[in-house]
Amino acid sequence: MIAMLLAVAVGATAPADTVITLDAVTVTGQRQRDYQMRSSQSAVQVSKEFLEHNFAGSLMQTLEGIPGVKAMSIGSGQSKPTIRGLGFNRLAVSEDGIKHEGQQWGDDHGLEIDQFSVDRAEVIKGPAALLYGSDAIGGVLSLYTNHVPTEQFAGTVQLFGRSNNEQLGLSAKVGGRQGSWFYRANATLIDYADFRVPTDSIQYYSYWIRLKDQRLRNTAGCERDGSVMLGYAGYNFHTDLRISDAYSRSGFFANAHGLEVRLSNIDYDHSRRDIDLPYQWVNHLKVLSHTTWRNEQTSVEVNVAYQNNLREELSEPVSHGYMPKPDDSLERRFNKSTYTVGALLRHTLGRHALQGGLNAEYQHNRRGGWGFIIPDFETASIGAYLMDRYTLRENLILNAGLRLDGARTHIHSYHDWYTTPVANADGTMTPVYTERSASLRRNFSSFTWSAGINYNIGEWVIKGNVGKSFRVPIPKELGADGINYHIFRYERGNQQLDPEESYQLDASVNWSNEALELQVEPYLNYFPNYIYLSPTSQYVEGLQLYHYMQARVLRYGLEAQLTYHITPRWEAHAQGEYLYARQRSGEKKGYTLPFTTPWSTDWGVKYSFGSTPEPGFVSLNAHIVGKQSEIVPPEKPTDGYWTLNLALGKSFRLGRTKLHATLHADNLLDRRYYDHTSYYRLIDVPEPGRNVSAMVGLEF
């Protein structure tokens with residue numbers, strides 16, 4: 001793991017002849033062994049070609065073909081990344097070496113990152129807190145948008161769309177280099193209509209709701225992204241400054257935002273592309289500076305960033321309980337600014353590759369609106385780490401690292417803006433402004449470590465990694481107290497939560513020759529104090545109450561993939577994954593965790609045609625998911641299902657330009673099924689039906 005993180009931190013690129021297959025995402029050839037020997041942890045590099053050939057609407061849906069990686073559907077075209085069943089604030093998303101900060105207060109919005117600006121990606125499966133600190137307890141999704149142009153002027157234009165929600169999009173990117181100076185700029189525009197699902201009606205709290213034309217009314221949306229970069233790339237010195245802005249606006253499924261919508265005067269079925277109340281908009285501004293200096297033995301890197309995440313949720317004003325009807329539609333507003341600085345030193349000393357680093361971060365959040373779920377807060381954290389990668393022999397590498405972190409959280413008190421009658425001892429009633437969140441100051445600290453081994457003998461690469469990771473409880477987990485309509489529950493925090501810890505053991509066995517590639521990756525996690533939202537049988541203001549609690553949790557699983565190169569043009573693959581989770585203490589002892597992913601397998605065949613400059617492919621894939629009967633009451637089981645998926649693509653030369661065309665047809669048979677990790681499953685909404693995604697790109 002350490003070797004991989006060292007390479008990522010200094011901006012190393014993937015080997016030039018690394019090949020990543022479209023379905024199984026495996027690296028082939030002699031360089032595959034070199035890549036496997038760089039890390040003692042399971043990691044996958046994903047090229048720009050893979051992202052283009054596997055375009056499936058959102059970045060996470062594109063990456064779902066990687067074993068262990070899933071896109072958790074949250075409606076309105078949004079999805080969250082999960083690795084080995086862990087996501088949200090257990091998975092760090094890094095963009096050009098800076099941790100992306102925009103996920104702390106809601107589970108119902110996606111990554112505020114322009115997927116078409118990404119040049120390549122890397123997925124680290126399993127805890128990676130050594131380099132990234134808190135939030136990397138489940139893995140890391142590293143995105144890179146800082147490729148240095150080699151031509152004086154070059155660019156790409158991409159047109160894309162999806163059939164299910166009538167999505168239309170355009171993305172353009174230009175860049176150039178003059179001497180040591182370079183620039184890049186890109187812009188993306190996306191517009192989509194209401195989603196279609198293979199059902200005419202759904203059931204929400206015993207109410208049957210009919211859907212017009214099988215559409216989830218008011219799930220339309222749009223996205224507007226842009227960024228500019230200016231940099232200098234010398235022989236030993238590199239620096240760049242990037243400014244990006246990502247804006248999205250999307251409706252919430254109207255019938256999921258409380259039953260009051262039945263009394264609304266809004267004609268939700270007037271147009272499939274309208275964005276009516278309730279809806280949200282999110283704007284993420286990021287300014288990032290990356291500077292590196294290096295010589296043959298030493299490199300120094302400094303990253304500085306500012307991020308502002310501004311989000312508003314708007315809905316029709318209605319009265320709840322003792323809350324009077326508000327005067328406007330601004331239900332919630334969150335404005336969070338994050339300041340980040342990171343520095344690292346890498347030095348080669350004989351057989352030792354040493355790295356030391358320092359990270360610091362400060363966050364400041366302010367809320368607004370008449371609805372409450374989390375209070376104002378400030379957080380500050382700092383961490384220092386030291387790693388060593390020791391080459392005992394060319395085919396035997398050892399690595400180890402230590403890290404020390406400290407964090408401080410200040411949560412402000414909050415009282416309702418309206419009064420609630422409270423009974424006195426004498427039976428009289430007194431109106432009071434109810435306190436929803438008490439003032440809280442907490443300090444956290446953690447010591448983490450990791451050690452691993454890489455061994456290569458003949459056609460085998462064997463790796464193992466053991467270590468400890470941590471995660472600081474976020475303000476939402478400590479101070480939440482309110483309705484989250486969009487995921488159909490009332491959430492209540494717990495100010496007594498301790499930092500989450502994890503002890504992990506994971507291994508990888510890889511065998512390959514010219515015809516076959518086999519990889520098996522078992523893992524084991526033990527959490528002495530896992531934090532999660534536990535469902536209860538209580539209801540508050542008409543919604544099921546979830547409260548944060550901690551329990552000892554044991555998780556283990558396995559990922560395996562096999563690729564058979566039948567001929568130079570024909571290839572077959574099979575892959576699968578399994579996850580077991582069990583609570584070992586607490587009020588739900590003996591049960592699994594909510595939204596635990598069931599086992600799944602993929603079986604496919606691919607045919608490649610055309611020449612190397614103008615390649616093409618056709619692939620057919622069957623995705624099979626098992627029944628999930630391991631649940632946490634009052635959660636309900638989910639039946640298994642299978643889908644058939646088709647993909648094809650071709651490149652063409654048009655003089656000095658290159659044309660790419662790809663097409664994906666998911667759920668060809670338009671089967672009706674439920675994803676156990678989807679929040680919409682809670683109100684009987686099945687997954688989208690047949691969906692065809694297409695992209696045409698022109699490189700010049």
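The first residue in the sequence is number 1, and the count goes up from there.
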Side chain to side chain contact (heavy atoms under 4.5 Å, CB included) between Tyr455 and Arg393, worked out: CA-CA 9 Å; Tyr455 181 58; Arg393 296 194 303 269; 4.1 Å; yes
Member of Ser117, Ser227, Ser171 meeting the side-chain hydrogen bond (donor to acceptor under 3.5 Å, both in side chains) criterion with Asn186: Ser227
Any donor-acceptor N or O pair under 3.5 Å, side chains Thr601, Trp603: yes
Residue pair Asn89 / Arg471, side-chain heavy-atom distance below 4.5 Å: yes
Leu579 side chain near Arg555 side chain, heavy-atom distance below 4.5 Å: yes
Close side-chain approach of Glu122 to Tyr144, heavy-atom, < 4.5 Å: yes
SB check Glu630 Arg582 (cutoff 4.0 Å): yes
Polar side chain donor-acceptor pair, His565 to Glu517, under 3.5 angstrom: yes
Polar side chain donor-acceptor pair, Asp388 to Asn399, under 3.5 angstrom: no
Centroid-centroid under 6.0 Å between Phe116 and Phe160 rings: yes
CA sep, side-chain torsions, deciding dist, call: Lys173, Asp114, salt bridge (charged side-chain N to carboxylate O under 4.0 Å, His left out): CA-CA 12 Å; Lys173 182 190 304 181; Asp114 181 6; over 6 Å; no
His290 and Thr292 side chains, donor-acceptor separation under 3.5 Å: yes
Residues Thr638 and His676: side-chain donor-acceptor under 3.5 angstrom: yes
Polar contact flag, side-chain donor to acceptor under 3.5 angstrom, Ser469-Tyr132: no
Flag side-chain contact, heavy atom, 4.5 Å: His100 against Ser94: no
Leu669 CG: over 12 foreign heavy atoms closer than 6.0 Å: yes
Salt bridge flag under 4.0 Å for residues Arg671 and Glu687: no
Pi-cation contact, Tyr530 with Arg90 (under 6.0 Å, within 45°): yes
Side-chain H-bond candidate by donor/acceptor type, Asn667 with Thr643, under 3.5 Å: no
More than 12 heavy atoms of other groups within 6.0 Å of Lys627 NZ: no
Between Thr145 and Asp96: side-chain donor-acceptor atoms closer than 3.5 Å: yes
Side-chain donor-acceptor pair present, Glu521, Gln519, cut-off under 3.5 Å: yes
Quiz item: cation-pi between Lys650 and Phe652, 6.0 Å / 45°: yes
Arg84 to Tyr523 six-membered ring, cation-pi geometry met (6.0 Å, 45°): yes
